[in-house]
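To start, the structure under review is shown below, and the notes come after it.
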Amino acid sequence: MNVTAIYPGTFDPVTNGHLDIISRAAKLYHKVIVAVAVNSNKAPLFDIEQRVALLEQVTTEFTNVDIIGFDNLLVDCAKQQGANVVLRGLRAISDFEYEFQLAGMNRRLSPELETMFLTPAEQYGFISSSMIKEIARLGGNITEFVPDNVLQHLIEKFNRKVE
């Protein structure tokens with residue numbers, strides 16, 4: 001069966017934890033759509049076009065992964081993309097309650113759309129985009145947490161040396 005998964009998020013910025021989920025999802029699903037959300041409730045560091053471009057650059061090795069931006073309901077985006085599964089990452093137990101509520105609402109809005117959870121590899125379980133931005137803003141070393149292209153963009157964004 002050809003199953004298409006959609007992996008939504010703001011990816012501001014994309015981290016090695018995100019890439020771990022994408023890499024493993026690419027092995028599990030026929031097609032993976034990484035859907036970059038506009039999310040007007042947040043003030044992103046990178047605009048939607050930059051986030052899509054950064055993801056496109058770091059996912060070139062995956063022939064079954066597509067990157068899109070979206071600004072509508074996830075269930076509508078999933079339907080437009082032909083996705084059968086919503087893929088979500090769970091880093092910690094604290095993520096579960098929120099993700100469980102989202103999965104329930106998405107199921108109510110679109111009963112044919114399943115939600116699957118993946119946990120990141122152990123070394124990425126504590127990484128969040130918010131944490132990465134704060135460490136980068138303060139000049140800390142984030143080289144092991146983000147791809148090289150993201151590191152360079154963070155250095156430019158904060159106009160300082162970030163290791």
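In this chain, numbering begins with 1 at the start of the sequence shown.
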As an exercise, state the distance from [atom1] of [X] to [atom2] of [Y], rounded to the nearest 0.5 Å.
X: Lys27; Y: Ile22; atom1: NZ; atom2: CD1; value: 13.0 Å
X: Gln50; Y: Asp12; atom1: CD; atom2: CG; value: 9.0 Å
X: Gln81; Y: Ile33; atom1: CD; atom2: CD1; value: 4.5 Å
X: Leu19; Y: Leu55; atom1: CG; atom2: CG; value: 7.0 Å
X: Phe145; Y: Ile135; atom1: CZ; atom2: CD1; value: 6.0 Å
X: Met116; Y: Tyr7; atom1: CE; atom2: OH; value: 14.5 Å

What are the two closest heavy atoms between [X] and [Y], and how far apart are they?
X: Ala103; Y: Phe117; answer: CB-CZ, 4.2 Å
X: Pro120; Y: Gly125; answer: CG-CA, 3.8 Å
X: Ile127; Y: Gln123; answer: CD1-O, 4.2 Å
X: Ala35; Y: Phe11; answer: O-CE1, 3.7 Å
X: Ala25; Y: Leu87; answer: CB-CD2, 3.3 Å
X: Tyr124; Y: Asn16; answer: CE2-CB, 3.5 Å

Hey, does [Y] have a side-chain heavy atom less than 4.5 Å from the side chain of [X]?
X: Leu28; Y: Leu118; answer: yes
X: Pro13; Y: Arg51; answer: no
X: His153; Y: Val150; answer: no
X: Phe96; Y: Leu90; answer: yes
X: Ile68; Y: Val36; answer: no
X: Ile142; Y: Leu154; answer: yes
X: Arg88; Y: Phe100; answer: no
X: Thr15; Y: Ser129; answer: yes

Query raised in the report: Is any side-chain N of the basic residue among Asp20 and Arg24 closer than 4.0 Å to the acidic one's carboxylate O?
Result: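 A salt bridge links Asp20 with Arg24.
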[X] side chain to [Y] main-chain N or O, any donor-acceptor pair under 3.5 Å?
X: Asn2; Y: His30; result: no
X: Asn84; Y: Val3; result: no
X: Gln152; Y: Asn149; result: no
X: Lys157; Y: Phe46; result: no

Co-membership, hydrophobic cluster, residues [X] and [Y], 4.5 Å side-chain:
X: Val52; Y: Leu54; answer: yes
X: Val65; Y: Leu74; answer: no
X: Leu45; Y: Ile67; answer: yes
X: Val146; Y: Val34; answer: yes
X: Phe70; Y: Ile6; answer: yes

Identify all side-chain donor-acceptor contacts of residues 104-115 below 3.5 Å with residues at least two apart in sequence or on another chain.
{"unit_1": "Asn106", "atom_1": "ND2", "unit_2": "Leu102", "atom_2": "O", "d": "3.4"}
{"unit_1": "Ser110", "atom_1": "OG", "unit_2": "Glu112", "atom_2": "OE2", "d": "2.7"}

Report task. Answer with yes or no whether the side chains of Asn141 and Thr143 bring together a donor and an acceptor at under 3.5 Å. Result ->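 There is such a pair (donor and acceptor under 3.5 Å, judged by atom type) between the side chains of Thr143 and Asn141.
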**Report entry** More than 12 heavy atoms from other groups under 6.0 Å of CG on Asn72
**Finding:**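 Buried by this count: over 12 neighbours within 6.0 Å.
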Query raised in the report: Can you list the residues that meet the side-chain contact (heavy atoms from CB on, under 4.5 Å) rule with Ser128, with sequence neighbours excluded?
Result: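 For Ser128, the residues satisfying side-chain contact (heavy atoms from CB on, under 4.5 Å) (neighbours in sequence not counted) are Arg91, Ser130, Met131.
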**Report entry** Stepwise side chain to side chain contact (heavy atoms under 4.5 Å, CB included) check, Glu134 with Leu138
**Finding:** CA-CA 6 Å; Glu134 184 65 7; Leu138 296 171; 3.6 Å; yes
